[in-house]
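Take a look at the structure below.
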Amino acid sequence: MTSRWLATGMVWFLVSIILAIVLTSSTGPAASSSGTAIALTVILAGAAVMATSSIWGQYEQRLGEKTSFSKGKRVEQNRVQRLIQDLSDDEIYELEATLLAQENRHNHNRS
């Protein structure tokens with residue numbers, strides 16, 4: 001969590017420094033017209049907002065991946081249940097027969 005705050009702070013600090021230099025410089029783009037200064041401010045602020053959004057969005061995405069990884073076995077069980085629900089009655093009987101035959105072979109080999 002601290003890395004998010006650090007990255008966000010760095011983005012906005014750098015944008016502030018750039019704007020302070022450009023807006024207070026006597027030879028910078030803001031010296032020629034106020035429209036240029038406003039446009040530059042809007043563009044840099046928009047870039048900072050997008051960067052901040054990306055920083056925080058990637059964290060949430062990674063957090064979701066960790067959660068889904070830790071729930072892997074539960075997801076597998078749900079997947080099997082969904083597969084069984086999608087089978088027709090004939091397919092279920094065939095699956096049951098196949099599983100019983102495999103179990104019988106396995107038990108026969110152990111004896």
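All residue numbers refer to positions in the sequence shown, counting from 1. Computed from heavy atoms alone, side chains included, the values below leave out hydrogens, waters and symmetry copies. Fair warning: this is a prediction, and the values are worked out from it, not measured in the lab.
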Counting N and O atoms only, with roles assigned by atom type, does the side chain of S53 sit under 3.5 Å from a partner on the main chain of V49, one being a donor and the other an acceptor? no
Same cluster for L99 and L87 if Ile/Leu/Val/Met/Phe/Trp/Tyr side chains link at under 4.5 Å? yes
As an exercise, state the distance from CG of D90 to CG of L95, rounded to the nearest 0.5 Å. 12.5 Å
Output the distance between atom CH2 (W5) and atom CD1 (I55), rounded to the nearest 0.5 Å. 11.5 Å
To the nearest 0.5 Å, what is the distance between CG (N104) and NE2 (H106)? 11.0 Å
Sidechain-backbone polar pair: T98 side chain, E94 backbone, donor-acceptor under 3.5 Å: yes
Taking all non-hydrogen atoms of both residues, which atom of V11 and which atom of T52 are closest, and how far apart? CG1-OG1, 4.4 Å
For A45 against W12, the heavy-atom pair lying closest together: O-CH2, 4.0 Å
In the single-linkage hydrophobic clustering (I, L, V, M, F, W, Y; side-chain heavy atoms under 4.5 Å), do Y93 and I84 co-cluster? no
Distance, nearest 0.5 Å, that separates CG of L14 from CG of L19: 11.0 Å
